[in-house]
Amino acid sequence: MSTPNVSLSSLDTLWFQVAGTVCNLACTHCFISCSPTNHTHEMMDLATVRTYLEEAATLGVKETYFTGGEPFLNPDMEAILEAALAFGPTSVLTNGLLLDPERCRRLSGLSERSDYSLDLRVSLDGYTAEEHDAIRGAGAFGRALEGIRNLHSAGLNPVITVTEVYDENGSVAGKQRFFDLIAGLGITRPRLKMMPVFQIGAEAERHAAYESWQRLSETDTPEGGWDHLQCSNSRMATGQGVWVCPILVNEPSGKMGERLADTLGDFPLGHSACWTCHVYGVSCRT
Amino acid sequence: MSNRVPEDDEVKRERAADKAAERARLVAHRGLATWGEKLVPLGDFRRAAAESGSVLTPAQRAAAGEALLAQCEDSTPIEGPYDRIAVCGGIYNNHLALAAFLDRARAEGAEALYCLGDLGGFGPSPEKVWPLLVDAEVRVNQGNYEQSLASGREDCNCGYTDPRDNHFARLSYEYTARGCSSDFKSWMGQLPARRRVLVGDRELLLVHGSPRRVNEFLFETATSTAYLEGLLDQEGADGILCTHSGLHWHRRLPSGRDLVNVGVLGRPANDGTPRVWYAVLESTSDGLGVHLTPLDYDHQALAAEMRSEGLPPEFIATIEGGWWTTCLEILPAKERGRGRF
């Protein structure tokens, strides 16, 4: 069974592992096992991010995304967002715990001063404290809702990101419950992004690891090729170089080079997580 | 008497175990790296990462970047040159706005008329736009709607997260699919995906979504200038005209080239007014003149026809009030914030 290769058709989306794997939570479903003590990847500083943004401008990148870990643990984060928003549209994936009213007002100012959209994506894994906190730790639900309210009060409309860590989250009724929850916070323009789980990192232990058949082979190649996969049009910059995608940053084999220009070639879809992206049509983009 | 049920010992033990497990997770990685599911010394991960991937020379990097944005071959014939053209976007069955556009564009002296696709959906009586387009010799691009209808797809393939959006998308697609004859659908099937038109000495590429994907949304606040410069380099064009997102905008790039989203005739621009938008492009002494143009039409008559066709009140409210009520999740943060819903 031979492993198919995906080629890069264009570099539309540039991700940043801006907080490394450092987080103020240690979620049981985290596909890269982030925690307060996980320094597999370190935080990125403004100068490093700038270097990649400058290179991105020469390669025609459309948008940037920032994740971690928890991005707002990074002391440079707001300066980094200002630089990113001068370049193009920018999204931040956060657990919502560090979104106090002051920070939300500053973020709103950054958004207003840019011609581009700033999107804050806040994660909720359950629509009750009991469900959410079982994954994310005691008190996480209440603090995330407070962060969402603070964003809303500051004029920013977050995208609520929900993983299908509970099967019913992905159902029509499950999605409706999240829309109702958001509406209940007084948000009149609710926005929701669903994500499947990747059975790697902490999630492999919480639920189940991949089985050996969950791999892609040449025979899986769709008629139109692999252009539906995000690795055909995005890359992930970290403090240790550039990886193929946001999912595989804890696999050294996912690293493709030091600069973006090193990483414009093919990548083998040899990891089980590639199977999830293909079968579920995943994109980490909003 | 308290009506709280006392926790039994088992529940207490479980809760204590959960807390202990959470504490353990918070400190589990001291001095260690997570390599997939394994815990390894940090140095092992760092070394393996340092050795992975390729490192090109500066010259190779420059060549790789150039290759990524190298000009594509495109055998699309070039139409024109014209001094002035008028271009409309998605019509969404709005035959009354289309008729108003045809009158206005002729009166404004447009030498050629273009439509960038998405003829159906949303509005009433899908077949009515066809003779208007043919009689006025409008040159039409194939949008994703035409692609779906011509190939017999069962839905418009929008794939929304919101069940309510999927409901409305399916409803309007099925209504349009039922109302289009097989001749009309075959006609849609032979429409080209792209056209090249000279306005003065400026070569414009006309597409539906983007030059790369028929269903790519180009919104003003979600599209970097670097991206547009790259697209224009690849296409070897002086400007790109597109629609699909439903909102009109224009950016003159630092290179002097243009991106024009011509908007749509099918529904208002989520601005609280019933008017719709199209674009006039004209040759000027210093290059290209771009005029995004609002258009009033008999929206009350359209609303009445939609009612008699049994179309959803949510759609009619948009035609009358100018605010989008459905399929809103495609909007970036800023465009979403400008609307009412």
Side-chain angles (χ1 to χ4, degrees), chain A residues 8 10-12 21 26 28 32-33 35-40 56-63 87-89 111 115-119 137-138 155-157 172 175-176 179 188-189 191-194 200-202 204-205 209 240-242 250-253 255-259 261-265, chain B residues 18-19 21-22 25-37 42 45-56 60-62 64-65 67-69 159 161-164 212 219-231 233-234 328-329 332-337 339-341:
Chain A
L8 188 81
S10 55
L11 185 55
D12 299 348
T21 43
T28 60
I32 48 173
S33 312
S35 79
T37 53
N38 192 338
H39 291 264
T40 306
T58 68
L59 298 173
V61 169
K62 185 180 184 185
E63 58 186 358
F87 167 84
S111 168
D115 292 333
Y116 297 112
S117 275
L118 169 64
D119 260 320
L156 293 167
N157 184 10
V172 168
K175 285 188 257 190
Q176 193 54 51
F179 275 113
T188 50
R189 303 176 182 93
R191 305 167 77 206
L192 188 66
K193 159 79 180 171
M194 301 298 300
I200 54 178
E205 200 182 318
Q240 295 180 75
V242 181
N250 277 4
E251 293 293 337
S253 61
K255 186 188 163 193
M256 294 187 73
E258 299 297 331
R259 299 263 65 87
D262 299 339
T263 71
L264 308 179
Chain B
D18 284 352
K19 277 196 178 151
E22 196 180 324
R25 281 201 307 277
L26 290 169
V27 295
H29 306 114
R30 279 193 181 130
L32 299 170
T34 45
W35 180 329
E37 287 79 61
L42 261 181
F45 183 94
R46 299 270 161 88
R47 265 190 301 281
E51 285 163 15
S52 184
S54 49
V55 178
L56 306 181
Q60 287 170 323
R61 283 178 177 161
L68 184 72
L69 295 175
T161 307
D162 191 340
R164 185 175 168 274
R212 288 187 186 148
F219 285 108
E220 184 169 22
T221 77
T223 311
S224 75
T225 290
Y227 181 74
L228 297 175
E229 295 279 23
L231 283 183
D233 287 347
Q234 267 188 321
L328 289 150
E329 74 176 49
K334 286 198 174 176
E335 282 84 348
R336 182 77 185 263
R340 176 172 288 174
F341 301 105

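Letters A, B, ... are given to chains in the order of the sequence lines, protein chains preceding strands, and every chain is numbered from 1. Quantities reported herein were computed from a predicted structural model and do not represent experimental measurements.
Across B:V55, B:D18, B:L32, the residue that shares the most heavy-atom pairs under 4.5 angstrom with chain A is B:V55. With chain B as the partner, the residue from A:E63, A:M194, A:Q176, A:R259 showing the most heavy-atom pairs under 4.5 Å is A:R259. Between chain A and the residues B:Q60, B:E220, B:R46, B:R30, the most heavy-atom pairs under 4.5 angstrom are made by B:R46. Of the listed residues B:P332, B:A62, B:G230, the one with more heavy-atom pairs under 4.5 angstrom with chain A than any other is B:P332. The greatest number of non-hydrogen atom pairs below 4.5 Å with chain B, out of A:V242, A:L11, A:T28, is found for A:T28. The greatest number of non-hydrogen atom pairs below 4.5 Å with chain B, out of A:G88, A:G241, A:S111, is found for A:S111.
Using a 4.0 Å cut-off between charged nitrogen and carboxylate oxygen, B:R212 and A:D12 count as a salt-bridge pair. Using a cut-off of 4.0 Å between Lys/Arg side-chain N and Asp/Glu carboxylate O, A:D262 and B:R61 are scored as salt-bridged.
Looking at A:V172, both its backbone and its side chain come within 4.5 Å of chain B, counting heavy atoms on both sides. Both the backbone and the side chain of A:F87 come within contact range of chain B, with heavy atoms under 4.5 Å apart. Contacts between A:L59 and chain B at a heavy-atom distance below 4.5 Å involve backbone atoms as well as side-chain atoms. Within the 4.5 angstrom heavy-atom criterion, no atom of B:E229 approaches chain A. The parts of A:S33 that come within reach of chain B are both its backbone and its side chain, each placing non-hydrogen atoms under 4.5 angstrom from that chain. For B:A21, no part sits under 4.5 Å from any heavy atom of chain A, backbone or side chain.
When all heavy atoms are compared, the tightest approach of A:K62 to B:T223 is CE-OG1, 4.1 Å. The nearest pair of heavy atoms linking B:A226 to A:A57 is CB-O, 3.6 Å. Minimum heavy-atom separation, B:A49 to A:P252: N-CB, 3.8 Å. Minimum interatomic distance between B:A333 and A:L118 (heavy atoms only, all atoms of both residues): CB-O, 3.7 Å. Contact between A:P89 and B:S224 at its shortest, heavy atoms only, is CD-N, 3.8 Å.
Between atom CG of residue B:L328 and atom CZ of residue A:R191 there is a gap of 10.5 Å, rounded to the nearest 0.5 Å. Distance OG/A:S253 to CH2/B:W35: 8.0 Å, rounded to 0.5 Å. The NE2 atom of B:H29 sits 6.0 Å away from the OG1 atom of A:T37 when rounded to the nearest 0.5 Å. A distance of 9.0 Å separates CG of B:L56 from OG1 of A:T263, quoted to the nearest 0.5 Å. The structure places NZ of B:K334 at 10.5 Å from CG of A:D119, a figure rounded to the nearest 0.5 Å. Atoms CD and CG, on B:E37 and A:N250 in that order, are 9.5 Å from each other to the nearest 0.5 Å.
No side-chain heavy atom of B:D162 sits less than 4.5 Å from a side-chain heavy atom of A:L192. Taking 4.5 Å as the limit, every side-chain heavy atom of A:I32 sits out of range of all side-chain heavy atoms of B:T34. Using a 4.5 Å heavy-atom cutoff, the side chains of B:T161 and A:K175 are in contact. Here the side chains of A:S117 and B:E335 are in contact, with some heavy-atom distance below 4.5 Å. Looking at B:L26 and A:S35, their side chains never come closer than 4.5 Å, going by heavy atoms from C-beta outward. Side chains of B:F45 and A:Q240 form a contact here, defined as non-hydrogen atoms less than 4.5 Å apart.
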>> If you apply the rule side chain to side chain donor-acceptor pair (under 3.5 Å), what do you find for A:D115 with B:T221, and how did you get there?
In response: CA-CA 6 Å; A:D115 292 333; B:T221 77; over 6 Å; no
> Stepwise, does the side-chain contact (heavy atoms from CB on, under 4.5 Å) test hold for A:M256 with B:S54?
Replying inline: CA-CA 6 Å; A:M256 294 187 73; B:S54 49; over 6 Å; no
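Take B:F219 and apply the ring-ring contact (aromatic ring centres under 6.0 Å, His included) test, not counting sequence neighbours, and it matches B:F217. Residues meeting the ring-ring contact (aromatic ring centres under 6.0 Å, His included) test with B:Y227, sequence neighbours left out: none.
Between the side chain of A:R189 and the backbone N or O of B:G339, at least one donor-acceptor pair lies under 3.5 Å.
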